[in-house]
Amino acid sequence: MSDITGLGFSVGLASGALVTAAVHYLYSHAKGSAPAPNSVPQGPVAVSTPSAEAAIARLEKQFTISSSQLHAIVKSFSNELKKGLQADNQMFLQIPSYVSNRPKGTETGKFLALDLGGTNFRVCEISLEGRGHARTRQKKYTLTEDLKTGSGEHLFDFFAECVVNFLEEGGLDKSFATSLGFTFSFPVTQTAINEGALCFWNKGFSCDGVVGHDVVRLLQDALKRKGANITVKALVNDTVGTLVSHAYSDPQTYLGIILGTGTNAAYVEKVSNLTKWKGETPNGEMIMNTEWGGFNDPAVLPITSFDHSLDRASSNPGIQVFEKLISGMYLGEIVRYTITDLISTGELFRGASSEELKKPYHFETAFMSRIERDHTLELADTKAVLEDLLKVPATSLEDRRLVKRICQLVGTRAARFSAAATAAIIIKINKLDGCTVAIDGSLFEHYPHFANRMRDALHEILGLSAENIVLSQARDGSGQGAALIAALA
Ligand code: GLC
């Protein structure tokens, strides 16, 4: 357990704005020239021998998403978004978040937030200072495989223990009475702002005794067992938290997207369109958690044999198909399947593999980032990843170029799918004349060219209107969002 920020870390609202400016800068320099499908800023890597060229041509055909394919995805996606608003058990769960008010920026107070994402668990103390400013003290706790796959009670006891530990480190006794917002980044059917049952696990979690149960109750009971005097006021999906926290400083925020270990989006919908829900909200709006990772229309999604292999071997076959094409948990694994296939045909590493490469999920998405960022003539860092970390006996420059091209194809496809999904929502809510999309997650933040590739694809889909859309980096917004929602509740 390590304190990653120390006390008094203040939320990076200003730095989010800087990243937006950078994205704008890069975009405005690309303007005027229509981007080629799957264009990458540094151009595709030259791959020379006939066998490598044949392999690349084959893979480009499978992984490249053309403009017309993007348009077809947008159409089907829009259709499914509407169906999810009208009935239950659709491709998109379209879960009402019970959050209608976006913050005004004037809210104040001190709140606790728990944030369970895909990889980490964080406890945060958020001080809302008004004028769109907030300060955060937070601590990150690592989730072991045992916690992710053991008993639900064990998992929730761990959460409660972390909260007590966090309070004590802040000089507070566990009997200190406070309110808490719980960011729980999994599909939950919400029945109130502080009540909701888990539909199913994903992102490698499989704890028993949680599916079908109210996760607020499970947390509240665990806190009680540890003697903590805390009231769980709000249950929040990370996408909803990201949207709300960004809206605290930018009221034009209508979408919150996560592009990290998993992927999903929330957006502001009119309650009059939400015909499956019987209720009303003070302003006629509702923030919807789409659970877009569930999109799975085989008529428009060109799924490769590598994607199928990944899905079949996953803990949730046939589920979260879109998420498996896009998010950080899976991209490296798609590359691993592709590389393994080229080894079996003798097109890579002269047919030689390694034990590491045979292990599922051992080709991390972070390796793809390193490889895509490697601009050395000899692709030295790619060599280090393949030979030192993955123990491939020996690689030629040509092998490394081929691996780099595979990473570009898989990474670009993910960005283009993300853009199609984003465009579908923007069109659905009639915001082509301008809105801000708050995006959090390691893929968007750290994967080279991801934001640019999304921009290119948005331009292909929306034409000049793409210039009205701000893709804004929202760092660690989900915890702050949960605190704000607890404040609004
Ligand atoms: C998964 C979850 C979703 C979450 C997303 C990003 O798709 O189902 O609720 O928002 O991951 O963390």
Side-chain angles (χ1 to χ4, degrees), residues 77 80-81 84 89-99 113-122 140 143 148 181-190 196-207 210-212 215-216 234-246 255-267 287-296 310-311 314-331 365 414 417-418 421-422 425 437-447 450 474-482 485:
F77 210 92
E80 294 299 334
L81 282 170
N89 304 320
Q90 301 298 302
M91 195 182 280
F92 290 127
L93 297 178
Q94 287 280 46
I95 302 168
S97 66
Y98 289 78
V99 182
L114 299 196
D115 189 355
L116 176 66
T119 316
N120 291 303
F121 171 67
R122 289 184 306 150
K140 215 182 232 183
L143 287 165
K148 285 158 74 171
F182 183 26
T183 307
F184 185 76
S185 307
F186 295 91
V188 159
T189 334
Q190 270 189 254
L198 176 65
C199 305
F200 52 84
W201 284 116
N202 52 35
K203 297 182 284 193
F205 281 70
S206 59
C207 305
V210 189
V211 173
V215 293
V216 172
L235 174 63
V236 181
N237 186 262
D238 51 357
T239 55
V240 178
T242 299
L243 195 168
V244 169
S245 103
H246 203 273
L255 275 81
I257 296 180
I258 301 291
L259 287 164
T261 308
T263 185
N264 186 18
Y267 72 100
I287 298 180
M288 300 300 299
N289 166 14
T290 61
E291 288 293 331
W292 81 11
F295 182 62
N296 179 16
L310 180 152
D311 181 48
S314 71
S315 60
N316 53 353
I319 292 177
Q320 299 295 94
V321 168
F322 198 55
E323 181 160 81
K324 287 172 184 157
L325 300 171
I326 292 180
S327 76
M329 173 152 178
Y330 303 103
L331 294 187
T365 303
F417 282 147
S418 311
T422 307
I425 297 185
V437 181
I439 310 183
D440 198 358
S442 46
L443 205 56
F444 186 76
E445 187 174 355
H446 299 302
Y447 194 97
F450 201 94
R475 205 167 287 120
D476 287 347
S478 46
Q480 187 189 328
I485 293 166

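Note that the coordinates shown come from a computational prediction; the quantities given were computed from them, not determined experimentally. Whatever order the structure lists them in is the order used to number ligands and atoms, beginning at 1.
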| If only atom types and distance count, is the side chain of Thr365 paired as donor or acceptor with the main-chain N or O of Gly328 below 3.5 Å? | yes

| When you look for protein heavy atoms under 4.0 Å from ligand 1, which residues do they belong to? | Ser185, Phe186, Pro187, Asn202, Lys203, Asn237, Asp238, Thr239, Ile258, Gly262, Thr263, Asn264, Glu291, Gln320, Glu323

| message | Please verify the inter-ring angle class for Phe322 with Phe295; under 30° counts as parallel, over 60° as perpendicular, anything in between as tilted. | response | perpendicular

| request: Considering non-hydrogen atoms only, spot the tightest contact between Ser478 and Arg122 and give its length. | output: OG-NH2, 3.9 Å

| remark: Residues at least two apart in sequence or cross-chain that pass side-chain contact (heavy atoms from CB on, under 4.5 Å) with Ala482, listed by chain then number, are Ala113, Thr183, Val236

| Partners meeting side-chain contact (heavy atoms from CB on, under 4.5 Å) with Thr261 (sequence neighbours left out) | Thr119, Lys203, Met329

| request: Would you please name every residue forming a side-chain contact (heavy atoms from CB on, under 4.5 Å) with Val210, sequence neighbours left out? | output: Phe156, Leu198, Trp201, Cys207, Val215, Leu218

